[in-house]
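Data block below; observations after.
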Amino acid sequence: MNLDFDVIIVGGGMVGASLARALSGCGMKIAVIESWALNSDRQPSYDDRAIALAYGTRLILEGMGLWPALASDVEPIRHIHISDRGHFGFTRLHHEALNVDALGYVATGHDLGKTLLQGLGDLPNVALFCPASLVDFEVSEKVVQVKVSRNDGDLELRGRLLVAADGSRSMVRDRLGTGVQEWGYGQSAVISNLTPGVSPNGTAFERFTQSGPMAMLPLNRGRYGLIWSVEDARLPEVMAWDDAEFLIQVQQRFGYRLGQFQRAGRRASYPLSLVRAKQPVQPRVALIGNAAHALHPITGQGFNLGIRDVAVLADVLADAGRAGRDLGALETLSLYADWRRRDQQAVSLMTDGLVRLFTNPLLPLRVARDLGMLALDLAPPAKRLLTRQFMGINGRLPRLARGLSLER
Ligand SMILES: Cc1cc2nc3c(=O)[nH]c(=O)nc-3n(C[C@H](O)[C@H](O)[C@H](O)COP(=O)(O)OP(=O)(O)OC[C@H]3O[C@@H](n4cnc5c(N)ncnc54)[C@H](O)[C@@H]3O)c2cc1C
């Protein structure tokens, strides 16, 4: 087997698998290295969590030809209702204001994984090393050498570019030693998919409660995906409740906008922190997705930001490949980093700001945020701008986000 590749992607989670699919028709030889077996129920990137997909993410998935396979598993978000439990502030966003069918869509990580991984290993020019783990790499002037460990022994792959899509604890990022900004929120996200008392009508809820923000996202099969940010000190208690007690506690905090909750699905928890790589590119190495930036899920933007990294990196690499330029050269990779900087910074800052604002119990801040929400509700231009940012359609869009193919 020839182990020379153009692009070696480490991580076959949501973002790494998306990049492999985006590049598969561009005439490059791609390797994907993923630790978990594709059909493993324990693959953490593809669990039961509800993932809100921005409208711009739909456009990218359409550009990659994947949307038709996912469309029957997603639920549209037509309205977003944001409120502060027990206080006067609220705001609403509606799809009609932007003349779109939906502001976004919701899929489970599991369904998204099914679509991204289906036939991945059969694509022309894509070699899947799975289950297998990257254990080391070395960058030299013309090539990056990558050591991979599998059950049947070690392999050495060579590539022109190594893309780190290995998640928020990225080993590639750590080995580069280029630094990371990170702070924990002292909170964990608790998820469970709930059966509400009324049928979902396309409304997603973001509810700020004294015991942490709660998002309720409409899911297929009449369910709602709950993402509840809980202080770490309270996490053991929340995870120990039986389903009946859990539903009572959620109901008390969320209220009855969705009637009386009937059932709760499997519960899982995730520690929450903000992670930002200081340098997303180095000669022959690029970071994408959570390896470059991991966010609090309060705004549902992590994967959306990651797939926008994918669309831009694929755009830049497709052009470089066509022009015969070096895919791993810093000049090539800097085009990706420069293009992505503004969006990555804006979304990280906005998400972090919202977490701090809405988890601060001080009275003046609480009043200010409630007034802010009401003011936003009454100011259509500001609301449109915010909505466009959440929809992922602000700024210069790469070809995939304009529905154009990258294939040669
Ligand atoms: C509760 C919760 C709710 C969320 N909701 C939303 C939402 O509504 N909308 C949204 O856009 N985002 C959401 N997110 C964020 C989203 O889940 C992440 O942004 C996304 O999973 C990041 O994907 P990734 O592929 O970059 O990283 P990961 O999903 O972490 O995948 C990394 C992959 O790399 C593999 N790997 C790691 N190291 C190695 C190695 N050495 N060798 C080989 N393989 C390796 C891992 O096995 C894994 O498969 C949410 C997150 C959480 C926790």
Side-chain angles (χ1 to χ4, degrees), residues 8-20 31-38 40 42-54 56-57 60 74 77 104-110 112-113 116-117 128-137 146-150 162-175 187-193 204 206 213-219 225-230 267-273 275 277 287-310 347-348 351 390 392:
I8 299 175
I9 302 169
V10 53
M14 288 177 201
V15 174
S18 299
L19 181 66
V32 180
I33 307 164
E34 167 55 46
S35 312
W36 289 95
L38 287 195
S40 167
R42 292 167 62 209
Q43 155 60 284
S45 202
Y46 302 125
D47 59 13
D48 286 337
R49 81 186 77 162
I51 299 285
L53 305 171
T57 297
I60 295 172
V74 302
I77 299 176
Y105 304 83
V106 189
T108 60
H110 181 78
L112 191 56
L116 291 170
L117 299 179
L128 209 46
F129 295 87
C130 173
S133 291
L134 173 133
V135 287
D136 204 0
F137 65 94
V146 171
K147 193 164 160 200
V148 175
S149 163
R150 294 201 300 199
L162 173 64
V163 178
D166 53 346
S168 57
R169 306 258 65 88
S170 168
M171 182 196 121
V172 175
R173 188 188 64 217
D174 287 352
R175 287 278 163 96
Q187 296 173 0
S188 292
V190 173
I191 64 146
S192 173
N193 296 336
E206 185 72 74
M214 273 183 169
M216 284 280 183
L217 302 174
L219 270 178
L226 165 70
I227 303 160
W228 178 14
S229 310
V230 172
R267 229 170 297 159
S269 71
Y270 311 80
L272 299 178
S273 57
V275 177
L287 309 182
I288 60 172
N290 272 25
H293 42 68
L295 309 176
H296 192 294
I298 192 172
T299 51
Q301 289 291 315
F303 173 64
N304 292 305
L305 204 55
I307 201 166
R308 297 206 287 273
D309 296 346
V310 165
V347 174
S348 301
T351 301
F390 278 111

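Positions are given from 1 along the sequence. What you are looking at is a predicted structure, and each value in this text was computed from that prediction instead of being measured. When a ligand or atom number is given, it counts from 1 through the structure's own listing order.
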- Ion pair check, Asp136 and Arg175, cut-off under 4.0 Å: yes

- Answer side chain, backbone, both or neither: which part of Val10 comes under 4.0 Å from ligand 1, heavy atoms only. side chain

- Note on the structure: Hits for ring-ring contact (aromatic ring centres under 6.0 Å, His included) against Tyr105, two or more places apart or cross-chain, chain-then-number order -> Trp67

- Task: Look at atom 28 (P) of ligand 1 and say which protein heavy atom is nearest, naming residue and atom and giving the distance to 0.1 Å.
- Result: Ser45 OG, 3.8 Å

- Query: Where's the contact between Arg49 and ligand 1, heavy-atom distance under 4.0 Å: side chain, backbone, both or neither?
  - Reply: side chain

- Item | Asp48 side-chain N/O to Asn193 backbone N/O, donor-acceptor pair under 3.5 Å | no

- Considering Val32, Asp166, Leu272, Asn290, which one's heavy-atom position lies nearest to atom 26 (O) of ligand 1? Asn290

- Where does Phe303 meet ligand 1, judged by heavy-atom distances below 4.0 Å: at the side chain, the backbone, both, or neither? both

- Determine, considering heavy atoms only, which of Ala215, Ser168, Ser35 sits nearest to atom 44 (N) of ligand 1. Ser35

- Query: With a 4.0 Å heavy-atom cut-off (strictly under), which part of Pro297 contacts ligand 1: side chain, backbone, both or neither?
  - Reply: side chain

- Item | Nearest-option assignment for atom 49 (O) of ligand 1, heavy atoms, candidates Glu34, Met14, Arg169, Met171 | Glu34

- Which part of Ala291 is near ligand 1, with near meaning a heavy atom under 4.0 Å away: side chain, backbone, both or neither? neither

- Just heavy atoms, cut-off under 4.0 Å: does Ile51 contact ligand 1 by side chain, backbone, both, or neither? both

- Name the option, out of Tyr270, Trp36, Tyr46, Trp228, that contains the heavy atom nearest to atom 53 (C) of ligand 1. Tyr270

